Structure formats: C-alpha cells, structure tokens
Amino acid sequence: MRDDGHDLSLGSADEHDTPAEVDAAFRTLRRVAVGHVAVFAGVVVGVPLLTAALDWWSQGRLFGGMSPMFAMTAFGLYVFFFVLCLAAATLSNAVEERMLGGPTREAPHDGDGTLPP
C-alpha cells in the first residue's frame, strides 16, 4: 500500500488468463491470420493471372485511358489492402477480447456514487 492509500498489487488471481486460454486464443488468432494471408495472396496473384488470361484486362480502356489492370493496380489494391487490414485488426481484437477478456470496464455511476437503476 502506498502512502496515498492506493494498493500497488497486480490484482487477484482470477483476473489472469490461464496458459490454456492463452494457447487457445493464440491458435485461433493464427487461423485468422492465415486466412487473411490467403485472401491477400489470392488477390495479389490474381491480378497478373487476369492479365495473362484476359486481353481486355490489360488492353481495355476505362476513364482517363487507364486499363482495368492499371486502375486495379494503382487504386484498387490500396483500397483492398486497407479493407483487409481493417478487417483483420477488427476480427483479431474481437477474438482476443472475447476469448481472453479485455480490461474490466467500470459501470456508469450516478453523481452520488450509486449505480443507475
């Protein structure tokens, strides 16, 4: 106990995750990561495969004279990367919080220190 009345202990034993819970969370997050890497690799490899398979992919013209391949490479992939990263981070955080629990959140209190009804 510090001299200002606050306890420096790390908390009770029930607030810590067991090794089995941490291992299960790690395995789940690894599966999530492998799935996102597979989607990433599929899209990145798909762009040159489309070029080899479809003539219009590299020879067609869109707005400003850009081919569909150029537009996908210049703009589409960046949007895809952003969405994939956002999805991976959101899903991973949700899985970790659900499996391991996040920091305890305090319930809102009324002005007099009691819990609302």
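This is a predicted model, so every value here is computed, not measured. All residue numbers refer to positions in the sequence shown, counting from 1.
Under the 4.5 Å side-chain heavy-atom criterion for Ile, Leu, Val, Met, Phe, Trp and Tyr, W56 and L49 are members of distinct hydrophobic clusters. Residues V37 and V32 do not share a hydrophobic cluster, defined by chaining ILVMFWY side chains whose heavy atoms lie under 4.5 Å apart.
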Given side chain to side chain contact (heavy atoms under 4.5 Å, CB included), test L77 with F82 step by step and report yes or no.
CA-CA 9 Å; L77 286 177; F82 177 76; over 6 Å; no

Between F81 and F40, does the ring pair (Phe, Tyr, Trp, His ring centres under 6.0 Å) criterion hold? Intermediate values first, please.
CA-CA 8 Å; F81 294 156; F40 172 83; 5.3 Å; yes

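Rounded to the nearest 0.5 Å, atoms CZ (R31) and CZ (F26) are 11.0 Å apart. Considering CG of L54 and CD of Q59, their distance stands at 11.0 Å, rounded to 0.5 Å. If you take CG on L29 and CG on N93, they are separated by 9.0 Å, rounding to the nearest 0.5 Å.
Put simply, the side chain of L91 reaches to within 4.5 Å of the side chain of H36, judged on heavy atoms. For the pair M99 and T28, the minimum side-chain heavy-atom distance is below 4.5 Å. Looking at heavy atoms from C-beta onward, D23 lies in side-chain contact with R27 at the 4.5 angstrom threshold. Using a 4.5 Å heavy-atom threshold, the side chains of W57 and S67 count as separate. A 4.5 Å side-chain heavy-atom check between Y78 and T73 finds every atom pair outside the cut-off.
The hydrophobic cluster containing F70, built from Ile/Leu/Val/Met/Phe/Trp/Tyr side-chain heavy atoms closer than 4.5 Å, also comprises L62, F63, M66, F75.
In this structure, E21 contributes its side chain and T18 its backbone to a donor-acceptor pair below 3.5 Å.
For the pair P68 and G60, the tightest heavy-atom approach, listed with the atom from each and the gap, is CD-O, 3.5 Å.
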